[in-house]
Each structure stands twice: as C-alpha cells, then as structure tokens.
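Inspection log for the structure reproduced underneath, given as structure tokens.
Bear in mind that the values here come from a model prediction, so they are computed numbers and not experimental data.
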Amino acid sequence: MIANLPLFPETASTMARRVDALFFFLLGVSGFFALLIAVLVVVFAIRFRRGRSPEPAKIPGSWLLEAVWTLVPFGLAMVMFVWSARIYVDMFEPPEDALEVFVVGKQWMWKVQHLEGRREINELHVPVGRPVKLTMTSEDVIHSFYVPAFRLKNDVLPGRYTTLWFEATRTGTYHLFCAEYCGTEHSRMVGRVVVLEPDEFERWLEGEGATETVVARGEQLFRELGCASCHAEVSGARGPSLRGLFGSRVELADGRVVVADEAYVRESILDPQAKIVRGYEPVMPTFSGLVDEEGLLALVAYVRSLATAPGSSSAEGAPKLAE
Ligand code: CUA
C-alpha cells in the first residue's frame with residue numbers, strides 16, 4: 001500500500017486510515033482530471049491544428065454533453081463534501097468515555113497534565129486502544145498541536161479552550177510538532193507521544209512525579225484564592241453555588257441562558273462581569289493574573305467535579321442538560 005512508503009508518516013490512530021483514504025481519493029480524482037486535461041490539450045493541439053483542419057467544423061450545442069460535464073463534477077464534489085464532513089465531525093466529537101488530558105502550550109514547550117496528577121513536558125503518554133481527549137490552551141501565542149502519525153492537528157489558542165481526540169492503535173513513540181509559527185524557537189517546539197499498553201500506562205501514571213489529582217489541586221486553589229467565601233453552600237451567599245453547576249443551563253441577569261461549560265467557567269474566573277448570574281450582584285473581582293492557565297484548568301476540573309459530587313443538588317433554575 002502506498003501509505004506504507006517512507007514518504008508517509010506512520011498510521012497509528014483510528015482516524016489515520018480514514019484520513020488517508022480520503023486523501024488518496026482526492027489525489028486520485030485530481031490526478032485523473034489533471035492527466036485527462038493535459039492529454040486532451042496535446043491530442044487536440046495535434047489533431048485540430050490549422051495545417052490539418054483549415055476549415056473548422058461548426059459544432060452545435062449538446063445538452064446531453066453539458067449535463068454530463070455538469071453532473072459528474074457535481075457528484076464528485078458532493079462525495080468529497082459528505083465524506084470529509086463525516087470525518088471532520090467524528091474528529092471533533094470526542095466519545096463520552098474518553099480519557100482526559102490537559103495540554104498547555106507556551107513559548108516553547110508543551111506542558112501536559114493528566115487528571116490523576118502526573119505532569120510531563122514535551123511528552124504525552126497515552127494508553128493504546130482507548131480514546132483520549134485533549135483540552136488545550138496557550139499561555140502566550142497561537143501554537144498548533146500536531147501528531148502526523150495520528151493525522152491530528154488543531155490550533156492551541158490563548159484565552160480559549162480547543163479540543164482534540166484520538167485513539168491510538170499501535171504502541172510506540174510518535175512525533176509531536178508545533179505546526180504554527182510561534183517565535184524564534186518554534187522549530188524546536190517538538191515532543192513525542194508515547195503509546196503504552198493499558199497496564200503499562202496505569203503503572204506509568206502512578207510512577208514518579210505523580211502528585212495530587214488535578215481536582216484536588218483545583219480544590220486547593222479554590223481555597224487559597226478565597227473562592228469559597230462567596231460561593232458558599234448556603235442561601236444568601238454572595239455568589240451562586242457551584243454544586244451541580246457544570247453542564248447545566250444558567251440564567252443570566254440580562255435574560256440570556258448559557259450552558260456552563262469549560263469556557264464559561266474560565267471566563268467567569270477571569271472576567272466575572274461578562275456573564276452575571278440572575279439574582280446576583282456583579283461583585284466578583286477578576287482573578288486574571290492571579291492564576292495561570294494550568295491553575296485555571298485545575299479550577300475548571302474542580303468545578304466540574306462538583307457537578308457529580310455526592311450531595312449534588314442541582315442549583316435553582318438549573319435543570320440538567322439532557323444528554
Ligand atoms: Cu509553538 Cu510553533
């Protein structure tokens with residue numbers, strides 16, 4: 001198979017073969033028409049040259065011919081559209097049970113945080129045969145997380161969360177690149193993805209460097225930053241209760257209703273005035289500059305954990321989203 005030529009990166013994810021198949025289809029269609037047109041240009045130039053046919057024939061229109069050369073490209077374009085749209089949608093819809101990993105890009109390294117606590121730099125350890133979802137952000141400029149062997153790439157943006165997911169199909173070590181020019185050392189912003197057997201991965205997670213879980217770290221930050229003094233679990237508290245908040249719909253003072261997702265929690269920490277919950281005063285100060293991106297991810301993970309924590313009573317006016 002052509003995909004096994006050394007010209008091509010390895011195929012090591014469930015998506016890789018699908019992306020390659022689409023790529024070869026596009027290449028095949030483009031190649032076929034490029035060749036067809038080139039050959040016809042030469043053949044017609046010779047066959048209908050002036051010396052040979054000084055009196056060109058008058059050619060009447062043909063609706064059949066026109067219909068064919070309209071419908072065939074239309075059909076081909078629709079095949080390309082539907083095929084690639086399906087791959088795109090699947091690529092950006094992580095499965096529910098995906099293992100979650102946080103990635104923070106900064107000039108010029110990749111910082112990786114596993115929910116169980118282990119952190120790494122310029123390396124990403126994952127288990128084989130299990131979907132992995134990356135939630136990514138940047139501390140400075142735009143980077144792009146790119147693993148050719150997984151046919152996987154997405155921009156990593158400051159001030160925003162982007163996601164990617166993949167399921168590795170083979171153990172091994174694969175290249176990780178930054179695919180967006182991000183400054184002097186951009187070309188050295190490389191790393192590796194290490195795909196391990198599931199039991200090896202479990203051992204690795206518990207290995208040296210393992211610290212508290214991300215949720216525990218978020219809880220500690222929550223206390224250190226004094227969040228609990230307003231977001232208390234009592235009626236009449238200055239801030240809304242966070243229990244059962246994540247994933248729910250939140251009614252805002254201006255009448256809007258938003259879903260409390262990662263981006264909402266992040267924004268509410270950094271820019272509390274952006275979305276004031278109905279029934280509360282805009283008294284929360286910003287925590288911008290007081291907590292870094294990794295801390296924010298930990299806080300988001302902690303708030304999310306409160307949604308499913310025991311004793312969870314859905315906050316008032318916050319029905320759970322049907323999923
Ligand atoms: Cu980061 Cu290029």
Side-chain angles (χ1 to χ4, degrees), residues 10-19 87 89-105 110-138 144-156 161-176 191-219 246-247 261-263 265-266 293-309 323:
E10 290 173 274
T11 49
S13 81
T14 50
M15 212 51 83
R17 299 252 174 236
R18 294 180 61 189
V19 171
I87 293 181
V89 167
D90 289 347
M91 261 183 174
F92 285 91
E93 287 272 304
E96 287 287 307
D97 60 340
L99 182 79
E100 220 181 322
V101 179
F102 292 146
V103 173
V104 176
W110 296 106
K111 294 192 285 186
V112 173
Q113 167 86 65
H114 295 263
L115 285 188
E116 291 78 3
R118 190 141 185 194
R119 300 155 97 159
E120 40 188 343
I121 286 181
N122 291 338
E123 286 203 338
L124 168 61
H125 285 73
V126 292
V128 70
R130 175 150 177 217
V132 176
K133 175 189 169 192
L134 307 177
T135 301
M136 311 183 295
T137 190
S138 164
S144 187
F145 190 95
Y146 179 36
V147 184
F150 296 169
R151 311 292 188 272
L152 191 75
K153 177 148 91 68
N154 199 6
D155 280 6
V156 176
Y161 292 140
T162 53
T163 60
L164 272 178
W165 81 272
F166 60 89
E167 183 179 327
T169 51
R170 281 168 45 201
T171 56
T173 301
Y174 306 101
H175 287 297
L176 157 63
R192 53 196 202 125
V193 179
V194 183
V195 180
L196 301 170
E197 292 294 344
D199 53 330
E200 266 183 290
F201 177 72
E202 289 306 321
R203 275 202 300 282
W204 178 87
L205 264 187
E206 287 156 15
E208 50 125 14
T211 48
E212 54 186 348
T213 65
V214 174
V215 170
R217 211 169 131 250
E219 187 175 7
F246 198 92
D261 57 7
E262 283 92 349
V265 175
R266 181 181 192 283
E293 288 298 340
E294 284 164 282
L296 283 167
L297 281 165
L299 282 169
V300 168
Y302 172 61
V303 171
R304 189 174 58 189
S305 76
L306 293 175
T308 50
E323 187 61 62

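- Put simply, the side chain of Trp204 never gets that close to the backbone of Val126: no donor and acceptor are under 3.5 Å apart.
- Once rounded to the nearest 0.5 Å, the distance linking CD of Glu96 with NZ of Lys133 reads 9.0 Å.
- No side-chain heavy atom of Glu167 sits less than 4.5 Å from a side-chain heavy atom of Phe150.
- Leu196 CG to Thr173 OG1: the interatomic distance, rounded to the nearest 0.5 Å, is 8.0 Å.
- For the atom pair Tyr161 OH and Leu296 CG, the distance stands at 5.0 Å (nearest 0.5 Å).
- Met91 is listed as a side-chain neighbour of Val19, based on a closest heavy-atom distance under 4.5 Å.
- Checked against side-chain hydrogen bond (donor to acceptor under 3.5 Å, both in side chains), Thr162 has no partners two or more places apart in sequence or in another chain.
- Note: Asn154 CG to Phe145 CZ = 10.5 Å, rounded to the nearest 0.5 Å.
- Closest heavy-atom contact between Leu99 and Pro127: CD2-CD, 3.7 Å.
- Between Met15 and Asp90 there is a side-chain heavy-atom pair separated by less than 4.5 Å.
- Here the side chains of Val214 and Leu297 are not in contact, with every heavy-atom distance at 4.5 Å or above.
- Val195 and Arg170 make their closest contact through CG1-O, 3.3 Å (heavy atoms, listed as atom of the first residue, atom of the second, distance).
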side-chain contact (heavy atoms from CB on, under 4.5 Å) between Glu294 and Arg217, intermediate numbers included: CA-CA 10 Å; Glu294 284 164 282; Arg217 211 169 131 250; 4.2 Å; yes
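- In terms of modelled atom types and a separation under 3.5 Å, the side chain of Arg151 and the main chain of Arg17 share no donor-acceptor contact.
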What's the verdict on side-chain contact (heavy atoms from CB on, under 4.5 Å) for Arg192 and Leu176, showing C-alpha distance, side-chain angles and the deciding distance? CA-CA 5 Å; Arg192 53 196 202 125; Leu176 157 63; 5.6 Å; no
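- Taking 4.5 Å as the limit, every side-chain heavy atom of Leu134 sits out of range of all side-chain heavy atoms of Pro94.
- Taking all atoms of both residues into account, the shortest heavy-atom contact from Phe201 to His125 is CE1-O, 3.2 Å.
- Nearest heavy-atom pair, Glu262 versus Val300, reported as atom, atom and distance to 0.1 Å: CG-CG1, 3.7 Å.
- At least one side-chain heavy atom of Val128 sits less than 4.5 Å from a side-chain heavy atom of Glu197.
- Residue Arg18 holds its CZ atom at 5.0 Å from CD1 of Ile87, rounded to the nearest 0.5 Å.
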Run the side-chain contact (heavy atoms from CB on, under 4.5 Å) check on Val112 and Val101 step by step: do they pass? CA-CA 7 Å; Val112 173; Val101 179; 3.5 Å; yes
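- Contact record, Val103 with Trp110: CG1-CE3, 3.7 Å, taken as the closest heavy-atom pair.
- Side-chain contact between Leu152 and Tyr174 is absent, with no heavy-atom pair separated by less than 4.5 Å.
- Checked by atom type and distance alone, the side chain of Thr169 pairs as donor or acceptor with a backbone atom of Ala12 at under 3.5 Å.
- Within the model, atoms CD of Gln113 and CZ of Arg118 stand 11.5 Å from one another, a figure rounded to the nearest 0.5 Å.
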Determine, stepwise, if the pair Leu164 / Met136 fulfils side-chain contact (heavy atoms from CB on, under 4.5 Å). CA-CA 8 Å; Leu164 272 178; Met136 311 183 295; 3.9 Å; yes
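- Ala149 and Ala16 make their closest contact through O-CB, 3.9 Å (heavy atoms, listed as atom of the first residue, atom of the second, distance).
- Between Val132 and Phe166 there is a side-chain heavy-atom pair separated by less than 4.5 Å.
- Between the Trp165 side chain and the Glu93 main chain, a donor and an acceptor come within less than 3.5 Å of each other.
- Remark: side-chain polar atoms of Glu293 are not paired, donor with acceptor, to backbone N or O of Thr137 under 3.5 angstrom.
- Between the side chain of Asp155 and the main chain of Ser144, no donor-acceptor pair closer than 3.5 Å is present.
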